[in-house]
There are 2 protein chains.
Amino acid sequence: MKAIEITQAWNGTEKCQQCPIRDLVLFADLKEDDFRLLHLPINDLELDKGSILYEQKDEINFVYTIRSGLVKLVRYLPNGSYRIIRLLRQGDLAGIEALNGSAYLHHAIAMQSTSVCQIPVKNIEQLNSHSSHLYRQLTARWQKVQSEADIWLADLTMGSSRSRVANLLIYLADSRPDESFYLPSREDIGALLAITTETASRIIAEFKRAGALNTLRHTAKIDKIKLRHFQQKGD
Amino acid sequence: MKAIEITQAWNGTEKCQQCPIRDLVLFADLKEDDFRLLHLPINDLELDKGSILYEQKDEINFVYTIRSGLVKLVRYLPNGSYRIIRLLRQGDLAGIEALNGSAYLHHAIAMQSTSVCQIPVKNIEQLNSHSSHLYRQLTARWQKVQSEADIWLADLTMGSSRSRVANLLIYLADSRPDESFYLPSREDIGALLAITTETASRIIAEFKRAGALNTLRHTAKIDKIKLRHFQQKGD
DNA sequence: ATTATTAATTGATAATTATCAATTTACTCA
DNA sequence: TGAGTAAATTGATAATTATCAATTAATAAT
């Protein structure tokens, strides 16, 4: 287990243009001519739960688009504990820092079965120098990272543990078509919100008892109305 | 007071090339030819403490380079409280989200006397379409924002209040030539670290008593050795 | 299916932080 | 300078969360 499997390798030309999440990914705006500029192969990777997409020390030759699944960006602290800095979902870009030639800033680890496109940085650079279409996508993505980090900071680092967990669940459920989502382990919830595993567990259990959260294995659904009662004590 | 004064207006050509913080700012890599592409005037603004550089609702026509001083990016919450999302210092870029045509994401407020360059977004766009020099600076800056946000999240949102305040002071003192820095109000420290004003005050007072922090008005110096004792309880 | 292992839950208690309130200190403006 | 206002500090107490420890539930391996 914890395998990474290359299921396909291709040069963008046809495959990327038929990509079912085309409008979400980096190459959204590219024209047919642009695709001819892709020289290195793009790989399609399937990651098992727990497998590592990249680590901080890794050589940085790729950026990754998440096609499906869930990836956590993790920063390990000197004392051995860790903090989850951000979650990446469908359409998100991992390893964007590679484009500046700086090292990866975190470890990227699949939280569930995940499929990604592995795009060589050289491809991006080539495209960038010959076509301006990619530029908008890249800056837009940088901006998305930034604004999500801000929201994260505002919603998920203040207030009581209870309201932080409620906000996290609402964030996780957000924009899922069927409203069901992957519920992280209590340890990961702790690492996401800077609370202990036990506190995370108590609150999740409390939400379940109140009927605000229903789980089957790691698949969860929330009752937003009931959950809102836990969001803020003051209003 | 709380005035914003336009002290100078110029077209980049000579003025920007002589800028004393040229290597820190957006135009660092530009060549003489590039500057000829700047058509709209760049303004030099002087902000008094407390004055507002921009608000979320503002029309977004400018990005700003901080020449000196300290700016806080503030997000107001529905219940009237606020959270400081990030601090900007010399060389940092404010309002970078304007480049994607999205609204400003925060209020930007001067925490002390601050001077900034106000750069029309149109200038940036013009430069970008005619010269590739700016691209590197922009992506590098985006990346810096991202990596600092990550560090922030890891250092300033976990651990005890005491260690968070210690980390904030170390961050503020960092890279100041004379090691002296502007100490924010206790309320702002609270908004930065998601703790109450009172807790912030108690900890600052404790650091002063221990000789780990010395203040004269809002100018502060830290004793890093002594401060480290407060950083982490566990090591 | 059964055992071994890991994750989740719960309890009791200690430590931390928020809250409410009062006082002292610093700053502003006439 | 001196009164008025805002900011910082401190105290007492309540609420929240961490810590340590035990138990139960879920998952994986044979």
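Values in this document were obtained by computation on a predicted structure and should not be read as measured data. As a basis for the values below, the full set of heavy atoms in this structure was taken, side chains included, without hydrogen atoms, waters or symmetry mates.
- For I195(B), the side-chain atoms get nearest to dA18(C) when compared with the rest of dT10(C), dA8(D), dA18(C).
- For I203(A) and dG11(C), the CD1 to C1' distance is 16 Å, given to the nearest whole Å.
- Remark: side-chain polar atoms of Q90(B) are paired, donor with acceptor, to backbone N or O of R67(B) under 3.5 angstrom.
- Candidate nucleotides dT19(D), dA8(C), dT17(D) were compared by shortest atom distance to the side chain of K208(A), and dA8(C) ranks first.
- Nearest to the side-chain atoms of S160(A) among the listed nucleotides dT17(D), dT27(D), dT9(D) stands dT17(D).
- For the residue pair Q118(A) and Y64(A), a side-chain donor N or O sits within less than 3.5 Å of a side-chain acceptor on the partner.
- Residue contacts for S185(B): at a heavy-atom cut-off of 4.0 Å it reaches the sugar-phosphate backbone alone, with no base atom in range.
- Rounded to whole angstrom, the span from the NZ atom of K49(A) across to the P atom of dT6(C) amounts to 14 Å.
- Look at CZ on R164(B): it is 14 Å from C1' on dA18(D), rounded to the nearest Å.
- Distances shorter than 4.0 Å separate none of the side-chain N or O atoms of R186(B) from OP1 or OP2 on dA7(D).
- Considering only the side chain of R217(A), dT27(D) comes nearest among dA21(D), dT10(D), dT27(D).
- In the set dT10(D), dT10(C), dT17(C), dT10(C) carries the atom at the smallest distance from any side-chain atom of S201(A).
- In this structure, the nucleotide among dA8(C), dT17(D), dT9(D) sitting nearest to the side chain of A205(B) is dT9(D).
- One can place CZ of F207(B) at 16 Å from C1' of dT9(D), the figure rounded to the nearest angstrom.
- If you find the closest nucleotide of DNA chain D to E198(A) and to R162(A), the one lying nearer the 5' end belongs to R162(A).
- Note: CE (M158(A)) to C1' (dA18(C)) measures 13 Å, nearest angstrom.
- The CD1 atom of I204(B) sits 16 Å away from the C1' atom of dA26(C) (whole-angstrom rounding).
- Counting any heavy atom pair closer than 4.0 Å across all strands shown, R209(A) reaches sugar-phosphate atoms only and no base atom.
- Nucleotide dT17(C) holds its P atom 11 Å from the CD atom of E206(B), rounded to whole Å.
- No side-chain donor-acceptor contact under 3.5 Å links D188(A) to the backbone of S185(A).
- The backbone N or O of A191(B) sits less than 3.5 Å from a side-chain atom of R83(B), completing a donor-acceptor pair.
- The CD1-C1' distance, from I189(A) to dA8(C), rounds to 11 Å in whole Å.
- The listed nucleotides are dA18(C), dA12(C), dG11(D); the one nearest the side chain of R202(B) is dG11(D).
- Side chain of T114(A) to backbone of Q112(A): a donor-acceptor contact under 3.5 angstrom is found.
- In this structure, of dT9(C), dG11(D), dT17(D), it is dT17(D) that holds the atom nearest to the side chain of T199(A).
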